[in-house]
Amino acid sequence: MSAKPETFQFQTEVQQLLNLIINSLYSNPDIFLRELISNASDAIDKLQFKAQTDPDILGGDGEFKIKLKPDGIAQTFEISDNGIGMTRDEIIENIGTIAKSGTAAFLEAIEAAQSSEVLAPELIGQFGVGFYSAFIVAKKVTLITRAAGEETATKWESHGDGSYSLEETTRDSRGTTIILDLKQKEKEGKDFTEEWVVRDIVKRHSDFVAYPIVMDVERDEPIPEAEQIKDKEGKPIGETTRKVVREETLNSMKAIWTRPKDEVTDEEHEEFYKHLAHDWNPPLERLHMKFEGTTEYQTLLYIPAKAPFDLFHADRKHGIQLYCKRVFIMDDCKDLLPEYLRFVKGVVDAADLNLNVSREILQQDRLVMNIRKNLIKKVLDLLAKMEEDTYIKFHEEFGAVIKEGIYTDHGRKEKLAALARYKSTKSDDKWVSLDTYIKNMAEGQEDIYYITGDNLAALAGSPHLERLKAKDYEVLLMTDPVDEWVVQALTEYDGKKLKSAEKGDLKLDDTEQKDPETFNALFGFIKGKLEEKIKEVKPSVRLKDSVACLSGDDYDMSAYMEKILKSSGQEVPKTKRILELNTDHPLLDKINTLFEKDRDNPALGDYSQLLYDIAVVGEGGKVDNPGAFSKMVGDLMSKAIE
Ligand code: ADP
């Protein structure tokens with residue numbers, strides 16, 4: 001390593017994020033302190049976690065604290081911790097680069113939303129502003145850090161303008177110090193070096209932090225009698241008080257989850273949640289519980305109001321922190337809640353946890369299994385009991401995640417299905433539950449009908465639904481890719497079968513079939529013409545007004561599923577579908593007459609192709625040969641008008 005400072009460029013995304021933070025959060029400068037204290041507290045957590053298996057790493061210094069040093073004359077603000085620190089490589093990895101997948105796309109989305117000023121902070125909040133929030137208040141940020149177990153320290157410095165420098169330096173002991181060179185304060189702006197300003201921010205945003213947040217404060221203290229200079233009569237001459245500097249702890253450190261439920265205010269919950277979740281928006285709901293019995297544990301869980309940007313990315317984190325008697329054990333604890341509840345944030349504090357178990361065996365630990373079972377139940381009950389309007393807000397953010405549980409958690413399938421919501425042909429753009437659907441079923445209706453696809457409007461107007469609509473049967477319009485998996489696992493709900501409107505026989509027994517023999521020969525001919533594309537031509541069981549549609553057998557892959565798999569890069573064998581033709585449609589009689597007159601009429605081949613194309617267009621698909629299609633339609637129109 002060279003002793004001279006070396007200059008590096010920020011990753012494009014970092015500079016973009018930095019600019020977004022400065023531009024959209026300048027009116028909330030206080031948050032820089034909350035974020036830097038959170039990072040310091042996380043760094044101490046990480047050290048504690050490591051010390052569980054490697055106690056020597058503490059090197060005799062187990063008295064953790066976070067020290068704030070405001071300096072009004074120099075206009076600087078220092079935050080130091082004795083946490084885990086960072087090596088030079090870790091600085092490069094953590095600060096100046098964002099490794100999370102999907103970052104670039106996410107930032108693009110916020111930039112696009114920038115014009116609406118309200119949205120930007122909310123969106124950035126979902127990303128977690130973290131360390132970079134320092135640049136809201138600082139014109140220059142210096143970070144000096146020494147990783148636990150290392151001898152040398154590293155200094156990082158940046159003006160937030162695209163580059164940073166690194167150089168080797170020294171630090172007395174392990175930990176991180178961040179020095180902010182404060183920007184000139186605006187007229188009305190707060191002076192972050194004033195004692196009361198700092199106290200106020202810490203109290204409001206960071207009171208519950210588990211480690212002491214300390215600051216040196218100067219006070220006038222009475223000089224003890226014996227030390228006072230006095231005149232002959234014993235009256236003091238000169239000063240009776242003197243200035244002393246003492247280190248004071250600014251936060252109560254009271255773990256919120258251990259406090260009585262009705263004592264914790266909404267504001268306190270909001271702050272704690274922000275610290276925990278790195279989310280700007282207040283949570284939608286919370287669960288604060290104490291379990292007593294054979295084992296004892298406390299838990300405080302939050303349901304976020306907004307989905308984090310990486311909810312569907314492989315490297316996303318789970319939101320549960322595990323504590324044992326108020327001591328931090330681990331972050332991102334995946335064993336306490338299933339994947340489909342990964343959006344829940346919070347803390348579980350279990351007194352009887354066996355701390356010798358490693359991360360890997362934790363999931364087999366009986367106590368952990370027991371807690372997990374209970375938490376799932378409580379969270380699902382909370383969701384089920386939520387007021388419908390609030391629940392819809394939740395569902396719009398996390399509905400797709402909950403639906404994952406329907407096919408991954410067999411035992412809770414029905415319970416989870418009850419939480420699913422869908423738009424339908426009758427819901428007028430509102431969301432309906434399966435229970436409401438069943439309650440509103442038409443007379444004589446036995447099954448739950450649905451159709452899957454990516455375009456709500458196309459589904460609602462799909463020809464496949466014509467007969468169902470004629471019977472006044474409601475059809476669920478499933479537009480989420482996850483729904484394809486849901487319907488594979490959920491073949492029945494509350495004793496009613498789920499039936500795809502585009503597959504199999506709908507058994508709507510009012511279809512007055514014409515003599516099936518009438519069209520046999522024609523259908524055989526059409527099938528011959530379209531052999532490559534379809535497996536069968538059949539009189540339709542679902543069309544009423546349209547002439548043609550494509551359908552599948554009960555167990556065929558749906559067109560939407562095929563599309564999803566293809567777009568995720570998977571090899572999908574082409575499923576041949578069935579061409580259904582509406583034998584009540586006058587067009588079919590006409591084609592049939594033409595066919596019976598002269599089976600070699602070349603127009604018949606074109607009409608076969610056209611019937612197929614019409615079916616494709618009717619479900620919002622793309623025809624194979626759009627040029628030929630539009631030419632044929634043009635020719636036919638011109639003939640029709642003649
Ligand atoms: P986040 O905290 O959301 O991961 P930040 O941008 O705030 O994002 O920080 C990036 C990373 O830098 C942290 O994950 C951590 O690894 C490291 N870091 C930040 N502050 C400290 C600190 N005080 N001590 C040790 N590491 C830190």
Side-chain angles (χ1 to χ4, degrees), residues 10-11 13-22 25 31-50 57 64-69 77-103 106-107 124-136 138 141-150 153-158 160 164 166 171 173-180 205-206 209-211 213 273-280 308-310 313 315-319 321 328 330-332 345:
F10 281 136
Q11 187 191 15
E13 284 94 320
V14 172
Q15 191 60 42
Q16 245 175 317
L17 179 66
L18 228 155
N19 296 343
L20 281 171
I21 290 172
I22 297 170
L25 299 180
I31 61 158
F32 87 90
L33 191 51
R34 173 186 82 203
E35 296 294 318
L36 297 182
I37 289 176
S38 259
N39 279 353
S41 153
D42 290 349
I44 301 175
D45 280 346
K46 278 181 201 156
L47 185 69
Q48 286 233 57
F49 179 66
K50 242 187 161 169
I57 199 166
F64 301 113
K65 70 177 173 186
I66 299 163
K67 180 143 192 170
L68 310 182
K69 266 196 209 156
F77 198 108
E78 243 182 74
I79 299 137
S80 306
D81 64 67
N82 55 351
I84 196 155
M86 280 180 273
T87 62
R88 182 186 153 96
D89 287 347
E90 282 166 343
I91 300 183
I92 297 176
E93 202 176 300
N94 295 333
I95 293 174
T97 353
I98 306 176
K100 290 177 194 162
S101 56
T103 301
F106 176 76
L107 290 173
I124 287 208
Q126 276 163 267
F127 192 88
V129 290
F131 174 75
Y132 304 108
S133 65
F135 287 99
I136 305 174
V141 178
T142 308
L143 176 144
I144 295 167
T145 183
R146 179 171 151 192
E150 297 269 319
T154 313
K155 178 166 142 186
W156 177 101
E157 202 161 78
S158 173
Y164 63 90
L166 281 182
R171 195 183 189 276
S173 52
R174 122 204 123 215
T176 303
T177 301
I178 292 165
I179 306 152
L180 310 176
H205 297 298
S206 312
V209 168
Y211 311 104
I213 303 167
Y273 169 76
K274 281 179 188 168
H275 165 79
L276 207 67
H278 297 257
D279 177 5
W280 179 269
F309 85 107
D310 59 353
H313 294 160
D315 55 1
R316 70 204 165 213
K317 274 190 165 185
H318 275 225
Q321 288 189 345
F328 173 83
M330 67 162 89
D331 214 356
D332 187 22
K345 307 278 179 193

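Both counts, for ligands and for their atoms, begin at 1 and track the order of listing.
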Please could you name the atoms of ligand 1 that [X] approaches to less than 4.0 Å, counting only its heavy atoms?
X: K46; value: 15 (C), 16 (O)
X: A43; value: 22 (C), 24 (N), 25 (C)
X: H278; value: 2 (O), 3 (O)
X: G130; value: 7 (O)

All heavy atoms of K65 vs all of N82, minimum pair found to be N-OD1, 3.0 Å
Nearest non-hydrogen partners of A134 and V141, listed with the distance: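 Distance-wise, the nearest heavy atoms are CB-CG2, 3.9 Å.
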Donor + acceptor pair across side chains of Q15, N19 (<3.5 Å):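 Present: a donor and an acceptor within the cut-off.
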Rounded to the nearest 0.5 Å, what separates atom CD1 in I22 from atom CZ in F135?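 Going from the CD1 atom of I22 to the CZ atom of F135 covers 7.0 Å.
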Ring center gap for Y164 and F10 short of 6.0 angstrom: yes
At the 4.0 Å heavy-atom cut-off, does E90 count as touching ligand 1?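 The answer is no, since E90 has no heavy atom less than 4.0 Å from ligand 1.
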Consider every N or O of [X] and every N or O of ligand 1, then say whether any pair is closer than 3.5 Å.
X: T176; result: yes
X: I84; result: no
X: N94; result: yes

So does K67 have more than 12 non-hydrogen atoms from other groups sitting under 6.0 Å from NZ? yes
Using a 4.0 Å heavy-atom threshold (strictly under), name the region of D81 that reaches ligand 1: side chain, backbone, both or neither.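 D81 to ligand 1: side-chain contact only, backbone stays beyond 4.0 Å.
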Within the 4.5 Å heavy-atom criterion, are D279 and K345 side-chain neighbours or not?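 A side-chain contact under 4.5 Å is absent here.
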